[in-house]
Student: 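I have a structure I would like to understand better, so I am pasting it below and will then ask my questions one at a time.
Throughout, protein chains are lettered first and strands after them, A, B, ... in sequence-line order, and every chain is numbered starting at 1. None of the values given here were measured: they were computed from a predicted structure.
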2 protein chains.
Amino acid sequence: MTDRLDLAFSALADPTRRAILTMLLEDDMAVTDVAEPFQMSLAAISKHLSILTRAGLISQEKRGRVKWCKLEPTAMKDASVWMESFGQFEVVNLDAFERFLDDELVDSPDNLTEQTDQA
Amino acid sequence: MTDRLDLAFSALADPTRRAILTMLLEDDMAVTDVAEPFQMSLAAISKHLSILTRAGLISQEKRGRVKWCKLEPTAMKDASVWMESFGQFEVVNLDAFERFLDDELVDSPDNLTEQTDQA
DNA sequence: GCCTTTGTCAACCAACTGGTTGAATAACGT
DNA sequence: ACGTTATTCAACCAGTTGGTTGACAAAGGC
């Protein structure tokens, strides 16, 4: 219990934490800066960051009095690999191939800002 | 809150539910048969199944007195797509492309039968 | 030295989770 | 009609989660 996948998926289950990961996609950030756009307390964000750290999704390194947060995509990739087993049923076709090529051409991930409203 | 991704990721965060999904990879199953390998009560499994249903990861159809559970990979794929954005850092290269082509050549997914710890 | 900034810790709280049990519902076999 | 099988419902419980606040420690600036 509480293996890698448990930690990764339950860390990803929270929208605040997903938003944080999206922010870190742009650049490494200090804890205070991560907290800035949110309405909740700094302590709450600090907790979220330690959950993300425990899941291996980010790493934190203290330099001076500032603690820098850095995205660690490896843990996410493990979870992604687990999920991909389920996808094979439907996606092995030219459509997927085309989308793959499209993704290759996109160099900056501007369309990533938490796409929750597109239901 | 509690949007699609919240539901999908938190459903996937539980090892029992991931095991259930893996079982359903093989074939559609009745609730009782899903419950059989687990040590917990049937009611607990029933709850897990409704969580998976609410997340869209499976569908349930009642035929006679038996409720059949069927894998629905679409919801998982949504989550997978979200995650893949984070992979771009490391995988955008010929390696990924090559693996994609390899997958294309495999016509039957026979190598899927044992990728988890499910006994 | 002193004040400010950065971040965590500890205690607390309400809400949710994952399990239990026992009763209820619904369809089947005979 | 009756007992059996399949599944859910309702109430309950312990433990976890996601937030709060106030106190604290550590590093920097002046």
Student: Quick one: side chain to side chain contact (heavy atoms under 4.5 Å, CB included) partners of Asp33(B), sequence neighbours excluded?
Tutor: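 Residues passing side chain to side chain contact (heavy atoms under 4.5 Å, CB included) with Asp33(B): Met29(B), Ala30(B).
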Student: Counting distance only, does the side-chain N/O of Ser10(A) pair as donor-acceptor with the main-chain N or O of Asp6(A) below 3.5 Å?
Tutor: yes
Student: How would you list, by chain and number, every residue that makes a side-chain hydrogen bond (donor to acceptor under 3.5 Å, both in side chains) with Ser80(A), sequence neighbours excluded?
Tutor: Glu84(A)
Student: Grab the CD1-P distance between Ile20(B) and dG18(C) for me, whole Å please.
Tutor: 11 Å
Student: Tell me: CD of Glu61(A) to C1' of dG7(C), nearest whole Å?
Tutor: 15 Å
Student: Sequence neighbours left out, what passes side chain to side chain contact (heavy atoms under 4.5 Å, CB included) with Ala8(A)? Give chain and number order.
Tutor: Ala79(A)
Student: Of the listed nucleotides (dT8(D), dA26(C), dT21(D)), which one gets closest to any side-chain atom of Gln60(B)?
Tutor: dT8(D)
Student: At less than 4.0 Å, is any side-chain N or O atom of Lys67(B) found next to OP1 or OP2 of dT8(D)? Yes or no.
Tutor: yes
Student: For Ser41(B) and dG19(C), is the shortest distance between a side-chain N/O and OP1 or OP2 below 4.0 Å?
Tutor: no
Student: Within the 4.0 Å heavy-atom criterion, would you say Arg17(B) contacts the bases, only the backbone, or no part of the nucleic acid?
Tutor: sugar-phosphate
Student: Nearest whole angstrom, please: distance from the C1' of dT21(C) to the CE of Met40(B).
Tutor: 15 Å
Student: Got a sec, which residues hit side-chain hydrogen bond (donor to acceptor under 3.5 Å, both in side chains) with Ser59(A), two or more places apart in sequence or on another chain?
Tutor: Glu72(A)
Student: Over how many whole Å does the gap from Trp68(B) atom CH2 to dA27(C) atom P extend?
Tutor: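 Taking atom P of dA27(C) as the reference, CH2 of Trp68(B) is at 17 Å.
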Student: Do Arg18(A) and Phe9(B) come close enough that some side-chain heavy atom pair is under 4.5 Å?
Tutor: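 A side-chain contact under 4.5 Å exists here.
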Student: What are the residues of residues 42-53 of chain B, sorted by number, that bring a heavy atom to within less than 4.0 Å of DNA chain C?
Tutor: Ala43(B), Ala44(B), Lys47(B), His48(B), Ile51(B)
Student: Go through the structure and list residues passing side chain to side chain contact (heavy atoms under 4.5 Å, CB included) with Ala44(A), not counting sequence neighbours.
Tutor: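 In terms of side chain to side chain contact (heavy atoms under 4.5 Å, CB included), with neighbours along the sequence ignored, Ala44(A) is linked to Met40(A), Ser41(A).
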Student: Can you name the side-chain hydrogen bond (donor to acceptor under 3.5 Å, both in side chains) partners of Arg4(A), sequence neighbours left out?
Tutor: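 Residues passing side-chain hydrogen bond (donor to acceptor under 3.5 Å, both in side chains) with Arg4(A): Asp78(A).
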Student: In a table with atom names and distances, give each donor-acceptor pair under 3.5 Å that connects a side chain of residues 47-54 of chain A to protein atoms at least two apart or in another chain.
Tutor:
unit_1, atom_1, unit_2, atom_2, d
His48(A), ND1, Arg17(A), NH1, 3.1
Ser50(A), OG, Lys47(A), O, 2.9
Thr53(A), OG1, Leu49(A), O, 2.8
Thr53(A), OG1, Gln60(A), OE1, 2.9

Student: I'd like to check the side chain to side chain contact (heavy atoms under 4.5 Å, CB included) partners of Ala75(A); sequence neighbours left out, ordered by chain and number.
Tutor: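 Once residues adjacent in sequence are excluded, the partners of Ala75(A) under the side chain to side chain contact (heavy atoms under 4.5 Å, CB included) criterion are Leu57(A).
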Student: Taking CG from Asp14(A) and C1' from dT17(C), how many angstroms apart are they, rounded to a whole number?
Tutor: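 Going from Asp14(A) (CG) to dT17(C) (C1'), I get 15 Å.
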Student: For the helix from dG1(C)-dC30(D) to dT30(C)-dA1(D), measure the angle between the helix axis at one end and the axis at the other, each built from five pairs, rounding to 10°.
Tutor: 20°
Student: What are the two closest non-hydrogen atoms of Cys69(B) and Ile58(B), and how far apart are they?
Tutor: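 That would be CB-CD1, 4.4 Å.
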Student: Which protein N or O atoms sit under 3.5 Å from an N or O of nucleotides 2-4 of chain D?
Tutor:
none

Student: Taking CD from Gln39(A) and C1' from dG18(D), how many angstroms apart are they, rounded to a whole number?
Tutor: 16 Å
Student: With sequence neighbours left out, write down each residue that passes side-chain hydrogen bond (donor to acceptor under 3.5 Å, both in side chains) with Gln39(B), or none if nothing qualifies.
Tutor: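 Expected list: none.
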Student: Starting from P on dT17(C), measure out to CZ on Arg54(B) and report it in whole angstrom.
Tutor: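 Rounded to whole Å, this separation is 8 Å.
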Student: In this structure, how many angstroms lie between the P atom of dT5(D) and the NZ atom of Lys62(B), rounded?
Tutor: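 It works out to 17 Å between those atoms.
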